[in-house]
2 protein chains.
Amino acid sequence: MELQEKLHNKGLRLTQPRREVVAILNAAASPLTPQSIYQRSVERKSDIGLVSVYRTLELLSELNLVRRVHGRDGCHGYVLASPGHHHHLVCRKCGKAVEFSGSADLSEFITKIQKETGYKINEHILQLYGICPKCQEERQ
Amino acid sequence: MELQEKLHNKGLRLTQPRREVVAILNAAASPLTPQSIYQRSVERKSDIGLVSVYRTLELLSELNLVRRVHGRDGCHGYVLASPGHHHHLVCRKCGKAVEFSGSADLSEFITKIQKETGYKINEHILQLYGICPKCQEERQ
DNA sequence: TCCTTATTGAAAATGATTTTCAATAAGGAA
DNA sequence: TTCCTTATTGAAAATCATTTTCAATAAGGA
Ligand SMILES: [Mn+2]
Ligand SMILES: [Mn+2]
Ligand SMILES: [Zn+2]
Ligand SMILES: [Zn+2]
């Protein structure tokens, strides 16, 4: 389902700031903080308010169009998320993030933990960190 | 390796605030924020400064005695971590967290992603969320 | 017990996020 | 197109979280 459509279903509007945030995230390829999204909007002379960036990210999160990326250091970057369940793999050097899906492979594992602990597991965060192909070359 | 020992190796001291933070986390069973650790220390009349809580958590993180827990909502809870690699499973109702280890089961999966993406993966975050046995009963 | 120095904590500084509220602009209706 | 309703914006202030500073303190080895 498209952003436009999702918004419409809820009586919400497709506004300039919302377009901008999506456009910036779309061009980014690595997780961005609210601050850095705002900065890019200034560079692009789109001049949207920082407050709107926060509000838009919250909205996009609810709509599952954006996902929060955690890190041991700087938490809370946001990346555009394609529909469906999946996770992110982030390069520690350049920040480049790629998506991967792997619920199937994990579900077996999760079932096992469920049995062992007695918990009923209904959600998880899985994030991988490493070095992307490009940065591996540069390392030589 | 014990806290006492780890500190000693680095020429650091086992102080009252450090004891307190560990004691509070030890009694907690669910991830605590710096603020809530501080509050408990006030309740316990141990009267350590909030600043020391932050500093102690940072130190304990470096020593791998404490782990940060992320959530989609309130990030940055801390739990005591037993030595070795493992993850946490958190109850969404009462917050109770349990540890589980599963590197073996995951490594296969990670190798696969590594091949698919070309990234060299060297770290990951895995956190599970669900309902603990106790809270499942109360649900009736 | 004494001395060195790692550590503490109050206060201030900084930074991130949220709230408020009057002005604006989406977008449906006419 | 024009008009109208109301969701949305953004500047500023308020709030909350985290870090820095620095003089006073207390670990803990000698
Ligand atoms: Mn986080
Ligand atoms: Mn693991
Ligand atoms: Zn890279
Ligand atoms: Zn529970």
Side-chain angles (χ1 to χ4, degrees), chain A residues 2-25 31-63 65-66 68-78, chain B residues 2-25 31-63 65-66 68-78:
Chain A
E2 207 40 46
L3 169 60
Q4 164 99 52
E5 198 180 349
K6 286 198 176 190
L7 290 175
H8 195 272
N9 289 345
K10 300 201 167 195
L12 304 178
R13 298 171 184 177
L14 182 50
T15 63
Q16 203 45 50
R18 287 171 184 167
R19 285 176 202 275
E20 267 300 307
V21 170
V22 171
I24 289 170
L25 284 174
L32 298 181
T33 61
Q35 311 286 336
S36 62
I37 292 172
Y38 174 67
Q39 274 164 7
R40 295 195 186 198
S41 89
V42 172
E43 288 165 13
R44 278 157 144 270
K45 304 203 200 315
S46 55
D47 233 346
I48 64 180
L50 176 57
V51 196
S52 292
V53 174
Y54 277 99
R55 287 190 284 223
T56 299
L57 289 173
E58 193 183 346
L59 176 62
L60 293 175
S61 291
E62 280 166 16
L63 300 178
L65 291 170
V66 125
R68 198 196 280 209
V69 172
H70 306 267
R72 59 172 43 210
D73 41 315
C75 254
H76 302 176
Y78 291 81
Chain B
E2 208 40 46
L3 170 60
Q4 164 99 52
E5 197 181 348
K6 287 199 175 190
L7 290 175
H8 195 273
N9 288 345
K10 300 201 166 196
L12 304 178
R13 297 171 186 179
L14 183 50
T15 63
Q16 202 45 50
R18 287 173 184 166
R19 284 177 203 275
E20 266 299 307
V21 170
V22 170
I24 289 170
L25 284 175
L32 298 181
T33 61
Q35 311 286 335
S36 61
I37 291 172
Y38 173 68
Q39 274 164 8
R40 295 195 185 197
S41 88
V42 171
E43 289 164 13
R44 279 157 145 269
K45 305 206 199 313
S46 56
D47 232 346
I48 64 180
L50 177 56
V51 196
S52 292
V53 174
Y54 276 100
R55 287 190 282 225
T56 298
L57 288 173
E58 193 184 345
L59 175 62
L60 293 175
S61 292
E62 280 166 16
L63 300 178
L65 292 171
V66 125
R68 197 198 280 210
V69 172
H70 305 267
R72 59 172 43 210
D73 40 315
C75 255
H76 303 177
Y78 290 82

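Just so we're on the same page: letters track the sequence lines, and every chain starts at 1.
- Every residue was checked against the side-chain hydrogen bond (donor to acceptor under 3.5 Å, both in side chains) condition with B/Tyr38, not counting sequence neighbours, and none meets it.
- Atom OH of A/Tyr54 and atom P of D/dA11 are 15 Å apart (whole Å).
- Shown here are the side-chain hydrogen bond (donor to acceptor under 3.5 Å, both in side chains) partners of B/Ser46, two or more places apart in sequence or in another chain: B/Glu20.
- Between A/Ser41 and A/Ile48, the shortest heavy-atom contact is OG-CG1, 3.5 Å.
- Two residues are said to be in side-chain contact when any heavy atoms from C-beta on lie closer than 4.5 Å; A/His76 and A/Thr33 fail this criterion.
- In this structure, the CD atom of B/Glu58 is 10 Å from the C1' atom of D/dT19, given to the nearest Å.
- A straight line from CG of B/Leu59 to P of C/dT8 spans 9 Å, rounded to a whole angstrom.
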Worksheet, complete the sentence: Once base and sugar-phosphate atoms are separated, protein heavy atoms under 4.0 Å mark nucleotides 19-30 of chain C, 5' to 3', with B, S and - as BB----BBSS--
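- B/Asp47 places its CG atom 10 Å from the C1' atom of C/dG9, with the value rounded to the nearest Å.
- Applying the salt bridge (charged side-chain N to carboxylate O under 4.0 Å, His left out) test to pairs two or more places apart or on separate chains, none has a residue in residues 8-18 of chain B.
- At whole-Å resolution of the value, OH in B/Tyr38 and P in D/dA17 are 13 Å apart.
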Worksheet, complete the sentence: Read 5' to 3' with Watson-Crick or G-U pairs under 3.5 Å, [ ] for crossing pairs and | for partners on another strand, DNA chain C gives ||||||||||||||||||||||||||||||
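- Every residue two or more places apart in sequence or in another chain was checked for a side-chain hydrogen bond (donor to acceptor under 3.5 Å, both in side chains) with B/Thr15, and none qualifies.
- Taking atom CD1 of B/Ile48 as the reference point, atom P of C/dG9 lies 7 Å away to the nearest angstrom.
- Rounded to a whole Å, the NE2 atom of B/His76 is 8 Å from the P atom of D/dT18.
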Item to complete: I would like to know whether A/Ser52 and A/Arg55 meet side chain to side chain contact (heavy atoms under 4.5 Å, CB included); could you show each step before the answer?
Response: CA-CA 5 Å; A/Ser52 292; A/Arg55 287 190 284 223; 4.1 Å; yes
Worksheet item: What do the steps show when you test A/Ile24 against A/Val53 for side chain to side chain contact (heavy atoms under 4.5 Å, CB included), and what is the final call?
Response: CA-CA 11 Å; A/Ile24 289 170; A/Val53 174; over 6 Å; no
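- As rounded to whole Å, 12 Å separates atom C1' of D/dT18 from atom CG of B/Leu57.
- Considering only heavy atoms from C-beta on, B/Val66 stays 4.5 Å or farther from B/Leu59 through its side chain.
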